[in-house]
Amino acid sequence: MKLKNDDSKVVGVLTGGGDCPGLNPAIRAVVLKARSMGWKVYGFHDGWAGVVDRDFEELTEISVADILHEGGTMLGTSRTDPRKDDKAYSSVVTMFSELSIDALIAIGGDDTLSVASRLASEGLPVVGVPKTMDNDLQATDFCIGFDSAVNRVTQSIDNLRTTARSHHRVMVVEVMGRDAGWVAVVAGMAAGADYIVIPEVAVSIDEIVESLERERAKEDRHRIVVISEGANVAGINEVSEQVDDRDQFGHISLASRDLGHTLAQAIEKATGMETRVAVLGHTQRGGAPTAFDRVLGSRLGVRAVEMVRRRKWGHMPALDGRIITEVPISDAVASNRKVDLELFEIARALF
Ligand code: F6P
């Protein structure tokens, strides 16, 4: 028989920002852990939008019975930023007393957790959980979703290599990564890319071409170039700040830059090597979570509930080596965590 805690609570949970595999395992862990202590759990739909609109459902063991292996998020998500609108923000603040919620667990990346951090700084009972396939939050080694994305991208590059090799082509592979090139570096290394272009490291088209030409002396005449969507390549383009397609957090839609195609054209023109491009897009975020993300989501979800019990407001569980630690959310969102340049140098040594 499960022990009931006298201090029975009602806890809310939401997922915000871009979805990724591993969110459902985290939601499941929050629900199962909280319910084992006799608490009630409300799942808000579509990120902060569900809090503003009071759009939620009660979650039980039955609601999460079959979601551990499912990608995406059973709660839905959105990029709603309630700070953009005073009415929406005060609706979030009053939600706690109106629904008698004792704590809210916000599972998200930089944007979602920035809202959580502000609420906590104003005395509201909020705990965070780090997720983003971009892996660019500070204060944690890994975010939910990164490992699944890396595995997906590695598999895609392996597939692209067989066709590139058959046709002796250059294959440019554009991957997600707005401010940091974690997915490009780790998946590129895992798949043996011949060049990796990331936002953190300045590069010109001439340097890329020179490296591909050098490689040409080898018998194997196909090449794989991996590029983060947020990178800049001197000589072919710069990020256009004029683009008007922005979300509520002010992010430009990078898909409209068409960076992969521009780079592919420039490479073909300069080298004369036939070049194709694959923009992996949202396939990187789709599908089932890896075992690593299932376990990480489960560990972080359970710890978040324990932190609610200890009233550790304004903090989130984080992975430090093999250990789960507890860090201020404000530390995690202070800036984007850039790719470790030592890691990039290792990747570059193998180009
Ligand atoms: O979740 C972060 C991210 O994957 C970025 O790398 C990418 O630029 C963005 O989401 C795209 O998301 P969407 O098209 O869903 O707004």
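The figures that follow rest on heavy atoms only: side chains count, while hydrogens, waters and symmetry mates do not. Both counts, for ligands and for their atoms, begin at 1 and track the order of listing.
We find that Glu326 and Arg310 are joined by a salt bridge, their nearest charged nitrogen and carboxylate oxygen being less than 4.0 Å apart. Between Glu229 and Arg178 there is no salt bridge, since no side-chain nitrogen of the basic residue lies less than 4.0 Å from a carboxylate oxygen of the acidic one. A salt bridge links Asp81 with Arg83: at least one charged nitrogen is closer than 4.0 Å to a carboxylate oxygen.
Close approach of ligand 1 to Met133 (heavy-atom distance below 4.0 Å) involves ligand atoms 4 (O). Which parts of ligand 1 touch Arg178 is read off a 4.0 Å heavy-atom cut-off, strictly below it: atoms 8 (O). Atoms of ligand 1 lying under 4.0 Å from at least one heavy atom of Gly177, given by number and element, are 6 (O).
Between Thr132 and ligand 1, no N or O atom pair is found at a separation short of 3.5 Å. The shortest N or O to N or O distance between Arg79 and ligand 1 is under 3.5 Å.
When hydrogens are left out, the protein atom nearest atom 2 (C) of ligand 1 is Asp134 OD2, 3.1 Å; that is the closest non-hydrogen contact. Remark: minimum distance from atom 14 (O) of ligand 1 to any protein heavy atom is reached at His282 NE2, 2.9 Å. Scanning the protein for heavy atoms near atom 7 (C) of ligand 1, the closest one is Glu229 OE2, 3.1 Å.
Across Arg285, Met176, Gln284, heavy-atom proximity to atom 1 (O) of ligand 1 is greatest for Arg285.
A cation-pi geometry, defined here as NZ or CZ lying under 6.0 Å from the six-membered ring centre and within 45° of its normal, does not hold between Arg348 and Tyr195.
In this structure, Ile323 shares a hydrophobic cluster with no other residue, the cluster being traced through Ile, Leu, Val, Met, Phe, Trp and Tyr side chains under 4.5 angstrom apart.
Under a hydrophobic clustering in which Ile, Leu, Val, Met, Phe, Trp and Tyr are joined whenever their side-chain heavy atoms come within less than 4.5 Å, directly or via other members, Leu300 and Ile67 fall into the same cluster.
Distances from ligand 1 to the non-hydrogen atoms of Gly17 include no value under 4.0 Å.
Within a 6.0 Å sphere centred on CZ of Arg54, heavy atoms belonging to other residues, nucleotides or ligands number more than 12.
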